[in-house]
Amino acid sequence: MPQRGLHMSKEITSMQEDYSQWYNDLVIKAGLADYSAVRGCMVIKPYGYAIWENMQKQLDSMFKETGHQNAYFPLFVPKSLFEAEETNAEGFAKECAIVTHYRLKADPDHKGKLIVDPEAKLEEELVVRPTSEAIIWNTYKGWIQSYRDLPLLINQWANVVRWEMRTRLFLRTTEFLWQEGHTAHATEKEAIDETVQMLNVYADFAETYMALPVIKGVKSANERFAGAVDTYCIEALMQDGKALQAGTSHFLGQNFAKAFDVKFTDKENKLDFVWATSWGVSTRLIGALVMAHSDDQGLVLPPKLAPIQVVIVPIFKGEEQKQLIDEKVIALMQQLKAAGISVKYDDNDNNRPGWKFAEYEMKGIPVRIAIGARDLANNVVEVARRDTKEKMSFSMDGLSERIITLLDEIQLAIFNKAKNFRDDRVTPADTWDEFLKLLDEKPGFISAHWDGTGETEDKIKELAKATIRCIPLNNELENGKCIFTGNASKQRVLFARAY
RNA sequence: CGGGAUGUAGCGCAGCCCGGUAGCGCACUAGGCUGGGGGUCUAGGGGUCGCAAGUUCGAAUCUUGUCAUCCCGACCA
């Protein structure tokens, strides 16, 4: 049962007052998700799911354009398969849900209650997948014999379960939705190219569609995916200055091929293990979307992902006026739909215009059009954009062209705003004191030298609660001294406090 | 798993200390006046007070247990 919610007010906690509460309020009030009866698990409501569907649609087409096909693998992984790749297994072991039984029976001591039937114990436990490398590589073994079978480029849309101690709507839930790509290649270079290619797909998606500027980089050993040789990532900055990992692409080397004995015969008839990648993004991106752009009035959605791009609100007195407006709106809607714009006409008479204005601001609909008798007389509509709250008057003639332009402008404006914010918060630090001060006073990415050891990284994490988000791909080499130990360093890395 | 809090109408809460007819706001239903930034009036409907035991003539209220959720921390996409 949700606690600590808002009073009956239709407002949300302000960002400044309590960022974390602002986020929770927003997700609930905008109708993206609900808490559920299951600890750590949420219900994704239709409006939130519609955003996910738009993300899926776009990503899926990008995956297909780069040669991937969709497939589906089982939710359960036999424990013996799960433990095959040791690093991967160890990394996920402490957050796995396990199926041990397959049957319930009536509780002899409590009428109407059920207990686990001790006689229905599984011989081998099943792990509910926290990620699917194990089951997929076990399957790939049967699919790959020759270099002619490669590359194998597969993606799956799925749910996974990670038993997190502490959860947050969209950002970290026990069960979450994602896609995971799993590819097999004949050469190391090809696999690395694939890893980078998919990182670029993610970065392009984040920036072009989510209007979310990201930094592409490589993870330090500490932060690397369990079982990977290298983890590439895109890192974004939220409005509270905390970083959020928005997607990862892993170069897995031959680790999984070796663990599952996946070999192929090359052109010279020599046997070798295949090279692997995996990459994924999750419903966490919805959390990123919310935290990156929204404000105290509600969501701000980028037009390219908004389930509804334009909402039309009629303003009328009496049925006669309403009918005149209806007629005009139907024609305008046809025009807008023909131009590929998703549009909703809210002529629900239960709520008044003011209520609707506030409601659609909460929902982050990019453009609102209001039409009243006054507008009809002048052949115009009132157009309000969500991101700036600016109101304009557009002629009804050629409306769709102007709306298309406006949606593009909004998309760009949201991106630029986020980018300016992010750029302003990538700050260099050269001393430990400066580093600590920046974390508190100007949270964001801190660019600093690091001696390259995991021990140092651990200590910094312990003392400053900041981690290395990534070593940016476009980094310039520069001699310096580690912010913490003073040891030699060849480049700066990005630190931040993160979600 | 440690710390803190909360479960009472669809939602948000009061009532509990000091046991005695279950309340308020919003939402909902019907109708009216309204309508360019969360309107208003009238009349209504809706509850095994998380669950289970106990104390008592009597429990939302006291006791014990239990389940669940939220927040903070450690862990993590």
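Throughout, protein chains are lettered first and strands after them, A, B, ... in sequence-line order, and every chain is numbered starting at 1. For clarity, every value in this text was computed on a predicted model and none was experimentally measured.
- Atom NZ in A/Lys94 sits roughly 8 Å away from atom C1' in B/rC76 (whole-Å rounding).
- Distance from the side chain of A/Arg352 is smallest to B/rG35 among B/rC70, B/rG38, B/rG35.
- For the pair A/Val77 and A/Glu125, the minimum side-chain heavy-atom distance is 4.5 Å or more.
- Spacing between B/rG45 and B/rC28 at atom C1', rounded to whole Å, works out to 8 Å.
- Heavy atoms of A/Lys322 sit nowhere under 4.0 angstrom from any nucleic acid atom.
- Side-chain contact between A/Trp279 and A/Glu180 is absent, with no heavy atoms from C-beta onward closer than 4.5 Å.
- Counting only heavy atoms from C-beta outward, the side chains of A/Phe394 and A/Ile403 approach each other to under 4.5 Å.
- When each of B/rC75, B/rA74, B/rG36 is scored by its nearest atom to the side-chain atoms of A/Ala370, the top-ranked nucleotide is B/rG36.
- As judged by a 4.0 angstrom heavy-atom cut-off over every strand, A/Glu164 is placed among the base-contacting residues.
- Checked by distance alone, A/Arg368 brings a side-chain donor or acceptor within 3.5 Å of a matching partner on the base of B/rG37.
- Applying the 4.0 Å criterion to OP1 and OP2 of B/rG36, one finds that A/Arg374 has every side-chain N and O outside that range.
- Of all nucleotides present, none satisfies the Watson-Crick or G-U wobble test against B/rU48 with each distance under 3.5 Å.
- In this structure, A/Trp157 and A/Asp60 have side chains that are in contact, with non-hydrogen atoms separated by less than 4.5 Å.
- Atom NZ in A/Lys356 sits roughly 13 Å away from atom C1' in B/rG36 (whole-Å rounding).
- For A/Asp349 and B/rG39, the CG to P distance is 13 Å, given to the nearest whole Å.
- Dashed line: the shortest gap from a side-chain N or O of A/Asn24 to OP1 or OP2 of B/rC70 is not under 4.0 Å.
- Contact annotation for A/Thr231: no contact, since no heavy-atom pair falls under 4.0 Å across all strands.
- B/rC49 and B/rC11 have their P atoms separated by 16 Å, with the value rounded to a whole Å.
- Comparing B/rG36, B/rC75, B/rG38 by their nearest atom to the side chain of A/Ala358 picks out B/rG38.
- Between the P atom of B/rG38 and the CG atom of A/Asn348 lies a distance of 17 Å, rounded to the nearest Å.
- Below 30°, between 30° and 60°, or above 60°: for A/Trp178 and A/Phe176 the angle between ring planes is above 60°, a perpendicular geometry.
- Protein atom CG of A/Asp458 is 13 Å distant from nucleotide atom C1' of B/rC75, rounded to whole Å.
- Residue A/Ala246 is out of contact with every strand shown, counting any heavy-atom pair closer than 4.0 Å.
- If you check B/rC62 for Watson-Crick or wobble pairing at under 3.5 angstrom, you find it paired to B/rG54.
- Side-chain to base pairing of A/Asp375 with B/rG36: one donor and one acceptor N or O lie within less than 3.5 Å of each other.
- Remark: P of B/rU34 and CD of A/Glu320 are 15 Å apart, rounded to the nearest angstrom.
- When the C1' atom of B/rA74 is taken as reference, atom CE of A/Met165 falls 10 Å away, rounded to whole Å.
- Heavy atoms of A/Phe176 sit under 4.0 angstrom from at least one base atom.
- At a cut-off of 3.5 angstrom, the base of B/rG37 holds at least one donor-acceptor pair with the side chain of A/Lys391.
- In this structure B/rA74 sits in no base pair that meets the Watson-Crick or G-U test at under 3.5 Å.
- Candidate nucleotides B/rG38, B/rC76, B/rA74 were compared by shortest atom distance to the side chain of A/Glu95, and B/rC76 ranks first.
- Positionally, the nearest nucleotide of RNA chain B for A/Lys389 lies more toward the 5' end than for the other of A/Arg162 and A/Lys389.
- The partner of B/rG36 cannot be assigned: no Watson-Crick or G-U wobble pair with both contacts below 3.5 Å exists in any strand.
- Across B/rC51 and B/rA60, the matching C1' atoms stand 14 Å from one another, rounded to whole Å.
- Atom P of nucleotide B/rC71 and atom OH of A/Tyr19 are separated by 15 Å, given to the nearest angstrom.
- A heavy-atom distance below 4.5 Å is found between the side chains of A/Trp450 and A/Ser220.
- Using a 4.0 Å cut-off, no side-chain N or O of A/Lys461 falls inside it from OP1 or OP2 of B/rA74.
- With C1' as the reference atom, B/rG15 and B/rA53 are 24 Å apart, rounded to whole Å.
- Both distances falling under 3.5 Å, in either a Watson-Crick or a G-U wobble arrangement, place B/rU6 opposite B/rA68.
- A/Thr248 comes within contact range of no nucleotide atom at all, as no heavy-atom separation falls under 4.0 Å.
- Both cation-pi conditions hold for A/Arg368 and A/Phe357: the charged atom is under 6.0 angstrom from the six-membered ring centre and inside a 45 degree cone around its axis.
- With a cut-off of 3.5 Å on both Watson-Crick or G-U wobble distances, the partner of B/rG19 is given as none.
- Between B/rC76 and A/Arg168, no contact under 4.0 Å exists linking OP1 or OP2 to a side-chain N or O.
- The aromatic ring centroids of A/Phe92 and A/Phe225 lie less than 6.0 Å from each other.
- Along RNA chain B, the nucleotide closest to A/Arg469 and the one closest to A/Glu361 are compared, and the more 5′ of them pairs with A/Glu361.
- Within the shown strands, B/rU29 is the pairing partner of B/rA43 under the Watson-Crick or G-U definition, both distances less than 3.5 Å.
- With both ends at atom C1', the span from B/rU29 to B/rG46 equals 10 Å, rounded to whole Å.
- Base engagement by A/Leu171 is indicated by at least one non-hydrogen atom pair under 4.0 Å involving a base atom.
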